[in-house]
Amino acid sequence: MKKSILIKLMSLLTVVGLLSCAEEPVDESGLLITGRSQCFMTFFDLLGSDHRTVLVSGQTVIDTTALTVKAVARFGTNMQRVKPYCSVVTDAIVEPNMGVWTDFTEPKQYTVVSGNRKVRKTYTITVTLQK
């Protein structure tokens, strides 16, 4: 009797498991495409060669209306070799990828793409050296 109930329960769980594995849409990077249309940047940081932040605390301003990020790096930072990082709203992605050594002597542009991949907002990031 117990074995029969256990077999029926396992069969039911297997069927439920198989039905819940429906095909979800993914992008070319293998990331899940969701229904979210929000897309904005919530945080920005810049790391130096020691993998520590080079930004002056409290000096980074993200304007989600003007689509700009303005930050101040500590005096003496080698702006030709820093790694940018940011946080974005849930399910959004950033193009091109951050986290690679980048030359920030000139403003850079990064595009935040919504979870549904239909909304794109390009941010201009400007980093100046502390005086």
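Both backbone and side-chain heavy atoms feed into the values below; hydrogens, waters and symmetry mates do not.
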Distance-only check: which donor-acceptor pairs under 3.5 Å involve side-chain atoms of residues 70-88, not counting sequence neighbours?
{"unit_1": "R74", "atom_1": "NH1", "unit_2": "T53", "atom_2": "O", "d": "2.8"}
{"unit_1": "T77", "atom_1": "OG1", "unit_2": "R74", "atom_2": "O", "d": "2.7"}
{"unit_1": "N78", "atom_1": "OD1", "unit_2": "Q80", "atom_2": "N", "d": "3.0"}

In this structure, would V127 and L47 fall into the same cluster of hydrophobic residues linked by side-chain contacts under 4.5 Å? no
Specify the closest pair of heavy atoms between D103 and K108, including all atoms of both residues, with the distance to one decimal. O-CE, 2.5 Å
Of the non-hydrogen atoms in S114 and S37, which two are nearest, and what is the gap between them? CB-O, 3.5 Å
Nearest heavy-atom neighbours spanning K121 and C39: CD-O, 3.3 Å
Ring pair (Phe, Tyr, Trp, His ring centres under 6.0 Å) contacts in which one or both residues fall within residues 44-69, not counting sequence neighbours: H51-W101
What's the shortest heavy-atom distance between A92 and V112, and which atoms? CB-CG1, 3.9 Å
Once rounded to the nearest 0.5 Å, what's the spacing between atom OG1 of T124 and atom CG of D63? 11.0 Å
Here the gap from E95 atom CD to T111 atom OG1, rounded to the nearest 0.5 Å, amounts to 6.5 Å
Atom pair CG (D91) and CZ (R117), whose distance is rounded to the nearest 0.5 Å: 7.5 Å
Cluster partners of V61, using ILVMFWY side-chain heavy atoms under 4.5 angstrom, listed by chain and number? none
Summary of ring pair (Phe, Tyr, Trp, His ring centres under 6.0 Å) pairs that have at least one residue in residues 103-131, sequence neighbours excluded: none
Transitively linked via ILVMFWY side-chain contacts under 4.5 Å: L67 with M41? yes
Do I33 and V89 sit in one hydrophobic cluster, given that two such residues count as connected whenever their side-chain heavy atoms are within less than 4.5 Å of each other, even indirectly? no
For a 4.5 angstrom cut-off between non-hydrogen side-chain atoms, does I62 reach T42? no
Tracing side-chain links under 4.5 Å among I, L, V, M, F, W and Y, which residues wind up in one group with I93? L31, V113
If you group Ile, Leu, Val, Met, Phe, Trp and Tyr whenever their side-chain heavy atoms sit less than 4.5 Å apart, what else falls in with V119? none
